[in-house]
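In what follows, residues are counted from 1 in the order of the sequence shown.
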Amino acid sequence: MDHYDSQQTNDYMQPEEDWDRDLLLDPAWEKQQRKTFTAWCNSHLRKAGTQIENIEEDFRDGLKLMLLLEVISGERLAKPERGKMRVHKISNVNKALDFIASKGVKLVSIGAEEIVDGNVKMTLGMIWTIILRFAIQDISVEVQETPALPWLVLGCPFPAPFLSPGSWKDGLGFCALIHRHRPELIDYGKLRKDDPLTNLNTAFDVAEKYLDIPKMLDAEDIVGTARPDEKAIMTYVSSFYHAFSGAQKAETAANRICKVLAVNQENEQLMEDYEKLASDLLEWIRRTIPWLENRVPENTMHAMQQKLEDFRDYRRLHKPPKVQEKCQLEINFNTLQTKLRLSNRPAFMPSEGRMVSDINNAWGCLEQVEKGYEEWLLNEIRRLERLDHLAEKFRQKASIHEAWTDGKEAMLRQKDYETATLSEIKALLKKHEAFESDLAAHQDRVEQIAAIAQELNELDYYDSPSVNARCQKICDQWDNLGALTQKRREALERTEKLLETIDQLYLEYAKRAAPFNNWMEGAMEDLQDTFIVHTIEEIQGLTTAHEQFKATLPDADKERLAILGIHNEVSKIVQTYHVNMAGTNPYTTITPQEINGKWDHVRQLVPRRDQALTEEHARQQHNERLRKQFGAQANVIGPWIQTKMEEIGRISIEMHGTLEDQLSHLRQYEKSIVNYKPKIDQLEGDHQLIQEALIFDNKHTNYTMEHIRVGWEQLLTTIARTINEVENQILTRDAKGISQEQMNEFRASFNHFDRVRAPPLCFVSAGEAEFARIMSIVDPNRLGVVTFQAFIDFMSRETADTDTADQVMASFKILAGDKNYITVEELRRELPPDQAEYCIARMAPYTGPDSVPGALDYMSFSTALYGESDL
């Protein structure tokens, strides 16, 4: 800049010391200054939601003058006077003039009284002084610091920043300014120097519509004036400078916002993925638990066996993929938290009920219900097995009893004693006594039938109604037999007085034959009775009882021979004394042939019972071998899993070498663990054989298949989690630029304090408040545990170059033109489309006193990006 230009600029920047109170402005200049200064003031007052219409009238009370100074300076002035009197107005104007003077501006010949009186020249001079200080002086400062910068930025083709106003009359200068920075708005090559009116109107209209520069001049006034007012021109041109000088700041601010928003969008996608996977897993658990909680029993053994098979399919096919999903969910959660820490974002807190701990709790409930379901299935199968046995036993005893009672009621109702001889009467009486003995002997069987029916009811047997009906019929018939028996005895005893002869031998035969016959029937029932055992000891007990029964057979045979001897003696007496006995024993219906037949049947059933007990003994031996085979494998696999869990714990603490070496070592270790899977599968096969054999306990091992499964799943989950921790450490190291030596030092320090259960020295040396702050960083979930990953983040984060909420807020303020809010149009103009729409969708409406329709609150949005408020 040459001497002439510098001198000219300094002249403009000095207050007009020769301001004459009585000298009137040139009318054309006054008109231009009125319009330009009014438009300039309104461009700032609209930020406060107001404007002026008449520049010398609207500033007379000093209120809008003070408001204008507050808006353009960003400072608060003294509280204005609200009175309507002249002294109040003068006080307000003086406060404004004092504020201007405090900024280093020398006010010459401008007093508060002239402004209050509406002196046009003094008012315009005061506004010009304000424009010089707050609009043009900034340009002057930048010219002094970097002389070529302002006008290179503005694209002015002239050598001096403020040339004579006549240089702008043809409009090409204004058009050149706009074309330099926004070439798409004006086609500079089509402009003509001989058409200044069109050039000026084009520049003014474009500036107002696209650059938010109010129209401060009229093209007709500039063209129609030999020398346009230089103050108006300088004021209008300074607005172009301020509009364009912020373009580069806006671009930088937009780039910063784009970067921050890109990181935030990526993290939000990861959060959505976590929420979906967690929701799906929880929904599967929610659907599965009611199925496992269903305890409605089936009526048949086949149906319960199908339920057991469905449960095995669930264990083999449906649950393992969900175990993998649960492990993957924990890995994704840890990776997301690592990325949030690296981008200086707050820790991710899943929505209500979807925390990792919530999923673990739901999974624990699932496994608890699953265990209870399996126990219920096995107990129900035992119950049905017991019911089938009892039902068959009931049917056998009921059939035998019904066969015995068949015809007994008709016999008791006979009146054969009325025409019988004395011997026949005595025979009938003795026969009746024998029947009573037989009836008493059958009392136990009836009680057994009732007891079995009662047990079937207590065990909720599905066909209990038919059992109860049959049992009731037997009991009713038994009561009726008792009544008929008593009635017949009374009749026989009345007749006994008339009849004195009784055949003692037949009576003795009947008395001995009936118990023996009952014994044989009981023996046949016992020999044909089915049995259920689960251990060798139980079958051995049955075998011992059977051997004891066989030992009684010789005595029973002697009794049989004795009974047959009595019958033979009766026959001998009848033949000897020609007794008319009609060839039958009047006291009993049991014949020697019947006794011999039942005895032969008992002898045939004994070897069959021997064979059944032998086969059952062999089956129990096979079950015992299955127990021992499973126990031998389980006693090896169980301790192996425990050993591997302890080794993984030591590996995670005593890691050496680079993180890549540690990761490779862990993956090889994981492969060796996976290679052990065939032994687990073999044990599963043995366990299935045991379940198919209905073996319910095993004294050869304390390990159940459920213990092995849970231990195996925990082993796989632990090694996967350890590998994920090393991967996250590699991610942190690469992102933070941590060297391998630093990582080793961090590991050594962490392991040392982990062994001694003490916080690191950097934590101990901090005060209580600082320690609380550090713990909120390394343990955001307040679990009481500091992981190695969190320890690394804390040790390295302080030196990381990251964005802050204040930086983002300052960038938005630049885009908003120094306003406390930003509009939709400004966002779409300064940001890429997708990120502009992202901000529009999430920014809350601005509610400040300077709000305009459509204003958005970028301050709360910026703090929400960093977790300082709700987004």
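- Tested against R82 for a side-chain contact (heavy atoms from CB on, under 4.5 Å), the candidates D61, N92, L63 yield a single pass: L63.
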Practice task
Kindly indicate, with the supporting measurements, whether the criterion side chain to side chain contact (heavy atoms under 4.5 Å, CB included) is fulfilled by D857 and Y821.
Solution key: CA-CA 5 Å; D857 188 354; Y821 59 84; over 6 Å; no
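- At a cut-off of 3.5 Å, with distance as the only test, a side-chain donor of E53 or Q51 sits close to an acceptor on the other residue.
- Heavy atoms only, all atoms of each residue included: P214 and A39 are closest at CG-O, 3.8 Å.
- A distance of 9.5 Å separates CG of D58 from CG of L45, quoted to the nearest 0.5 Å.
- A salt bridge links R182 to E184: at least one charged side-chain nitrogen sits closer than 4.0 Å to a carboxylate oxygen.
- Between E30 and K121 no salt bridge is recorded (no basic side-chain N to carboxylate O distance below 4.0 Å).
- Across all their heavy atoms, F37 and I55 have their closest contact at CB-CD1, 3.6 Å.
- For the atom pair CD1 of I822 and SG of C839, the computed distance is 8.0 Å after rounding to the nearest 0.5 Å.
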Problem - Worked verdict on K193 versus L172 for side chain to side chain contact (heavy atoms under 4.5 Å, CB included) - result: CA-CA 7 Å; K193 187 175 180 64; L172 293 178; 3.9 Å; yes
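- Atom CD of Q269 is surrounded by more than 12 heavy atoms from other residues, nucleotides or ligands within 6.0 Å.
- Between Y838 and N264, the side chains place a donor N or O and an acceptor N or O closer than 3.5 Å (distance only, hydrogens not considered).
- For K47 against G817, the heavy-atom pair with the smallest separation is NZ-O, 4.1 Å.
- Of all non-hydrogen atoms in C175 and L191, the two that sit nearest each other are CB-CD1, 3.3 Å.
- Distance alone, capped at 3.5 Å, places no donor-acceptor pair between the H44 side chain and the I72 backbone.
- For the pair R286/L282, no side-chain contact is recorded, criterion being any heavy-atom separation below 4.5 Å from C-beta on.
- No side-chain heavy atom of D850 sits less than 4.5 Å from a side-chain heavy atom of V71.
- The environment of K103 atom NZ is dense: over 12 non-hydrogen atoms of other residues, nucleotides or ligands sit within 6.0 angstrom.
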Exercise for the section: Any chance you could lay out the salt bridge (charged side-chain N to carboxylate O under 4.0 Å, His left out) test for E81 and K89, step after step, and finish with the verdict? Expected result: CA-CA 7 Å; E81 302 287 345; K89 298 178 181 180; over 6 Å; no
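- Looking at E208, its side chain never comes within 3.5 Å of a backbone N or O of I213 through a donor-acceptor pair.
- Heavy-atom minimum distance, M809 versus Y858: O-CE1, 3.6 Å.
- Between F861 and F812, the ring planes lie perpendicular to each other; the angle is over 60°, past the 30° to 60° tilted range.
- Here the side chain of K819 pairs a donor or acceptor atom with the backbone of A816 at under 3.5 angstrom.
- Within the model, atoms CD of E727 and OG1 of T338 stand 10.5 Å from one another, a figure rounded to the nearest 0.5 Å.
- N119 places a side-chain N or O within 3.5 Å of a backbone atom of M122 that can act as its donor or acceptor partner.
- Between E272 and E275 there is no side-chain heavy-atom pair separated by less than 4.5 Å.
- Between H179 and L185, every side-chain heavy-atom pair lies at or beyond the 4.5 Å cut-off.
- Here the straight-line distance linking atom CD1 of I814 with atom CD of E830 works out to 10.5 Å at 0.5 Å rounding.
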Practice task
Please step through side chain to side chain contact (heavy atoms under 4.5 Å, CB included) for the pair L68 and K64, ending with a clear verdict.
Solution key: CA-CA 6 Å; L68 174 65; K64 290 188 177 180; over 6 Å; no
Exercise for the section: Evaluate ring pair (Phe, Tyr, Trp, His ring centres under 6.0 Å) for F204 paired with F174, printing each intermediate quantity in order. Expected result: CA-CA 8 Å; F204 295 166; F174 291 109; 5.5 Å; yes
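- Remark: side-chain polar atoms of K95 are not paired, donor with acceptor, to backbone N or O of L77 under 3.5 angstrom.
- Across all non-hydrogen atoms, the minimal contact from G83 to H88 is CA-ND1, 3.0 Å.
- At least one side-chain heavy atom of L342 sits less than 4.5 Å from a side-chain heavy atom of L731.
- With respect to the salt-bridge test (charged N to carboxylate O, under 4.0 angstrom), the residues E57 and R60 qualify.
- Ion pairing between K276 and D273 fails under the 4.0 Å rule for side-chain N and carboxylate O.
- For N42 (side chain) and I52 (main-chain N/O), a donor-acceptor pair under 3.5 Å exists by modelled atom type.
- Under a 3.5 Å cut-off, the side chain of D358 and the backbone N or O of M355 do form a donor-acceptor pair.
- Side-chain contact between E70 and R76 is present, with at least one heavy-atom pair separated by less than 4.5 Å.
- Contact of the M126 side chain with the L97 side chain is registered, since non-hydrogen atoms from C-beta on lie closer than 4.5 Å.
- We find that D205 and K209 are not joined by a salt bridge, their nearest charged nitrogen and carboxylate oxygen being 4.0 Å or further apart.
- Not one N or O on the side chain of T36 forms a donor-acceptor pair closer than 3.5 Å with the backbone of Q33.
- Between atom OG1 of residue T823 and atom OH of residue Y846 there is a gap of 13.5 Å, rounded to the nearest 0.5 Å.
- Side-chain atoms of N199 come within 3.5 Å of backbone N or O of D170 as a donor-acceptor pair.
- R46 is not listed as a side-chain neighbour of V852, based on a closest heavy-atom distance of 4.5 Å or more.
- One distance of note links CG of D195 with NZ of K190; it measures 14.5 Å at 0.5 Å rounding.
- Between the side chain of S851 and the backbone N or O of T847 there is no donor-acceptor pair closer than 3.5 Å.
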Handout entry: L831 vs L815, side chain to side chain contact (heavy atoms under 4.5 Å, CB included): CA-CA, chis, key distance, verdict
Key = CA-CA 9 Å; L831 299 178; L815 296 186; 4.2 Å; yes
